[in-house]
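In the text below, chain A, chain B and the rest are named by the order of the sequence lines, each starting its count at 1.
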2 protein chains.
Amino acid sequence: MEQLDERKTKILKAIIRTYMETGEPVGSRTISKYTDLNVSSATIRNEMSDLTEMGYIVQPHTSAGRIPSDKGYRLYVDELMKEKEAEIAEIRDLMIEKTDQMDKVLKKVAKVLASNTNYAAMVSVPQYSGSRIKFIQLSRVNPDQLVAVVVSDHNVVRNQIIQLEEEMDDQTILKLNLLLNTNLNGLPIQDINLGMIARLKEQAGMHSAVVATVLDAVAGMIQVDEEDMEIYTSGATNIFKYPELADTAKASELISTFEEKKELADLVKEHMAGTDETGISVYIGDEMPIRTMKDCSVVTATYELGQGMHGTIGIIGPKRMDYENVVDSLKALKDQLDQLVGNKS
Amino acid sequence: MEQLDERKTKILKAIIRTYMETGEPVGSRTISKYTDLNVSSATIRNEMSDLTEMGYIVQPHTSAGRIPSDKGYRLYVDELMKEKEAEIAEIRDLMIEKTDQMDKVLKKVAKVLASNTNYAAMVSVPQYSGSRIKFIQLSRVNPDQLVAVVVSDHNVVRNQIIQLEEEMDDQTILKLNLLLNTNLNGLPIQDINLGMIARLKEQAGMHSAVVATVLDAVAGMIQVDEEDMEIYTSGATNIFKYPELADTAKASELISTFEEKKELADLVKEHMAGTDETGISVYIGDEMPIRTMKDCSVVTATYELGQGMHGTIGIIGPKRMDYENVVDSLKALKDQLDQLVGNKS
DNA sequence: GTTAGCACTCTACCAAATCGAGTGCTAACA
DNA sequence: TGTTAGCACTCGATTTGGTAGAGTGCTAAC
């Protein structure tokens with residue numbers, strides 16, 4: 001089987017581009033006119049026949065035009081990436097550390113992306129790997145209620161009300177605060193485990209049940225996460241714009257996947273665990289681990305915001321996704337974010 | 001025009017019930033067999049003719065069966081409500097005050113409702129009208145960072161990192177804490193306005209810009225809300241199960257409405273402002289203020305959790321919604337909640 | 001290697017035919 | 001007077017057959 005010569009490549013690109021625009025199989029005639037090759041449709045047919053054989057394009061049925069196969073898209077994307085990679089790199093470090101309103105910003109990001117690209121967008125809340133505790137405080141709110149506040153070094157604040165069975169005197173609270181801070185402050189969150197909490201309980205032992213309650217609550221607050229990665233989505237209904245996805249049954253499943261977010265979260269987790277590099281990756285069709293998205297393509301980008309905080313942005317669309325535009329949008333996102341974060345009080 | 005006699009009512013109910021099951025226009029023959037009236041289809045036809053004239057049922061086209069009109073549904077629902085109202089009442093006060101994990105509980109509630117009923121479900125986070133501040137605290141986290149924590153009397157905790165331009169000594173922090181607590185503690189949140197903050201600033205005036213920053217931040221935290229009512233939704237894709245809603249264009253709009261949540265929030269706000277009573281209400285077809293839901297019915301229930309906290313639960317489905325089942329589900333919800341809240345640590 | 005031409009294939013579309021569910025009306029019956 | 005059987009009629013849904021058009025593959029000529 002022959003190699004891809006220049007003309008074949010050109011034809012393949014032309015097919016992919018036109019298919020992305022129209023969403024319909026593209027025939028030899030179209031290509032012969034569209035390109036600057038100045039060859040007749042018959043020639044194109046020959047070339048297309050080769051391309052089909054090589055697996056870059058596919059015929060949905062005998063007398064229809066060709067559409068790009070997953071392999072074809074893959075080639076196109078890889079090609080494209082080489083050109084754009086440089087530009088992309090800057091996006092990563094551009095989200096400003098502004099943790100308080102992170103959720104609002106991210107929601108907005110998802111929205112903007114979705115409406116810019118006309119595809120569905122998702123944004124995962126950044127995970128804080130290797131984050132350390134920097135501040136713990138228990139305060140009395142009511143005679144029988146404490147509020148616990150934990151701040152980690154990325155300025156992520158967690159809080160919880162702790163309901164006490166019996167009252168606790170100021171003395172004890174003070175002691176507990178000291179105990180917690182001297183023992184936990186500066187520790188990476190993932191190093192805090194049940195054993196450690198048990199030891200703390202022992203140290204504070206004299207105060208019995210109440211103290212245990214409090215320590216357990218604090219431990220609970222610190223850990224949690226891991227399980228529930230939050231993901232914001234937007235523009236799920238954009239998929240209706242692409243007939244090849246708009247089939248009721250499929251669309252329904254797809255949107256469900258979006259609504260649930262569970263599977264998306266798994267994807268993100270896997271994605272972040274798998275790739276060390278923080279670049280952009282593209283799943284095409286069957287490459288996608290989520291079954292309901294077998295007919296889609298997914299472009300994901302990992303973003304990073306300083307020491308160890310990183311999350312994932314994803315665009316989900318039809319295979320004939322306009323990869324070029326998606327990438328540009330990710331770039332434009334940068335400006336949007338600057339503006340957003342800048343404006344906020 | 002004659003009144004609804006018993007037989008007519010029975011027939012009407014039968015029509016509505018069957019239509020709810022099948023989703024297709026129901027003919028005279030079906031009814032004649034289905035009911036225990038033991039009359040022939042011809043008789044039913046006569047009655048149906050009357051019912052049509054009275055506007056309770058409608059013919060989509062000449063030679064099709066009848067489907068209930070909005071007016072018909074309305075009758076059915078009003079009837080039904082009378083029977084069930086009692087049972088419903090208890091639901092309201094059953095959500096236990098467990099504010100910390102409220103969000104998880106509510107998400108779950110939406111999910112359970114959606115999967116129980118096979119309709120789309122929404123749950124609004126309860127609003128705390130007349131909530132008072134019960135605890136304010138500023139603590140230093142870093143030399144140039146404070147964390148502010150505000151607890152209101154429903155145990156809703158808010159927190160925010162405040163980034164300082166210049167350092168602030170312990171003395172000042174202590175003073176500010178005192179100032180804030182003596183002035184704001186016990187006050188209803190809505191009574192705290194800019195004027196009051198201005199006065200505080202004046203009182204603390206000597207410390208200039210930094211203090212102003214902090215006070216502004218605190219003021220911001222306290223107010224906020226109002227605007228962004230959170231709403232959890234689930235089961236949006238259930239609408240695909242009902243052919244009369246599954247038309248691509250309509251479904252797309254509907255799901256968008258769900259995704260956006262903005263309009264839902266408005267609905268909830270209006271609903272809560274409008275009705276003093278905390279019962280269940282039903283919007284049928286055109287009664288619905290949201291345009292995209294003109295072909296749906298929406299059942300909403302206001303729930304209340306002690307002093308002034310209340311939110312809304314809603315079920316959105318086709319007009320041929322199984323109102324009876326929906327109501328029962330709301331009831332079952334109670335048990336689910338008990339269990340959920342009970343299990344949690 | 002390129003091109004024109006032609007037979008062939010397959011889908012999309014349209015119109016006609018048919019089917020069947022359901023109605024309205026009338027006449028007969030209790 | 002209310003109920004019923006029967007029948008002609010309507011109208012959407014489905015099926016069928018036919019056609020147009022896009023596109024291919026192949027061959028022969030340039």
Name the closest nucleotide to the [X] side chain, picking from [options].
{"X": "B:Ala42", "options": "C:dT3, D:dA5, C:dC6", "answer": "D:dA5"}
{"X": "B:Ser40", "options": "D:dC7, D:dG25, D:dT4", "answer": "D:dT4"}
{"X": "A:Ser63", "options": "D:dT10, C:dC10, D:dT4", "answer": "C:dC10"}
{"X": "B:His61", "options": "C:dC25, C:dT3, D:dC11", "answer": "D:dC11"}
{"X": "B:Gln59", "options": "D:dT10, D:dT4, C:dT23", "answer": "C:dT23"}
{"X": "B:Ser28", "options": "C:dT23, C:dA4, D:dT4", "answer": "C:dT23"}
{"X": "B:Met48", "options": "C:dT23, D:dA22, C:dT3", "answer": "C:dT23"}

Sub-3.5 Å donor-acceptor pair from the side chain of [X] to the main-chain atoms of [Y], do we have one?
{"X": "B:Ser32", "Y": "B:Ser28", "answer": "no"}
{"X": "B:Ser49", "Y": "B:Arg45", "answer": "no"}
{"X": "B:Ser252", "Y": "B:Thr248", "answer": "no"}

Would you kindly compare A:Asn46 and A:Thr30 by the position of their nearest DNA chain D nucleotide and give the one closer to the 5′ end? A:Thr30
Please state how far atom [atom1] in [X] lies from atom [atom2] in [N], giving the value in whole angstrom units.
{"X": "A:Ile11", "N": "D:dT24", "atom1": "CD1", "atom2": "P", "answer": "12 Å"}
{"X": "A:Lys8", "N": "C:dT2", "atom1": "NZ", "atom2": "C1'", "answer": "13 Å"}
{"X": "A:Ile67", "N": "C:dT11", "atom1": "CD1", "atom2": "P", "answer": "14 Å"}
{"X": "A:Glu47", "N": "D:dC26", "atom1": "CD", "atom2": "P", "answer": "15 Å"}
{"X": "B:Ile44", "N": "C:dG22", "atom1": "CD1", "atom2": "C1'", "answer": "14 Å"}
{"X": "B:Ile15", "N": "C:dT23", "atom1": "CD1", "atom2": "C1'", "answer": "13 Å"}
{"X": "A:Ile31", "N": "D:dT24", "atom1": "CD1", "atom2": "P", "answer": "10 Å"}

Please tell me if [X] has a side-chain N or O lying less than 4.0 Å from either OP1 or OP2 of [N].
{"X": "A:Arg66", "N": "D:dG23", "result": "no"}
{"X": "A:Arg29", "N": "D:dT24", "result": "no"}
{"X": "B:Arg7", "N": "D:dT3", "result": "yes"}

Just name whichever nucleotide pairs with D:dA5, Watson-Crick or G-U, keeping both distances under 3.5 Å, else none. C:dT26
Please name the nucleotide paired to D:dC30 by Watson-Crick or G-U wobble geometry with both distances under 3.5 Å, or report none. C:dG1
Looking at every strand, decide which applies to A:Thr62 at a 4.0 Å heavy-atom threshold: base, sugar-phosphate, or nothing. sugar-phosphate
About how many Å separate CD of B:Glu263 and CZ of B:Arg291, when rounded to the nearest 0.5 Å? 8.0 Å
Closest approach of B:Ala236 and B:Ala120, non-hydrogen atoms and distance? CA-CB, 4.0 Å
With nearest nucleotides of DNA chain C determined for B:Ala64 and A:Val39 from heavy-atom distances, which residue corresponds to the more 5′ nucleotide? A:Val39
Exactly one of A:Arg320, A:Lys319, A:Lys250 clears side chain to side chain donor-acceptor pair (under 3.5 Å) with A:Glu244, and that residue is A:Arg320
Donor-acceptor pair under 3.5 Å, B:Arg45 side chain vs D:dG6 base: yes
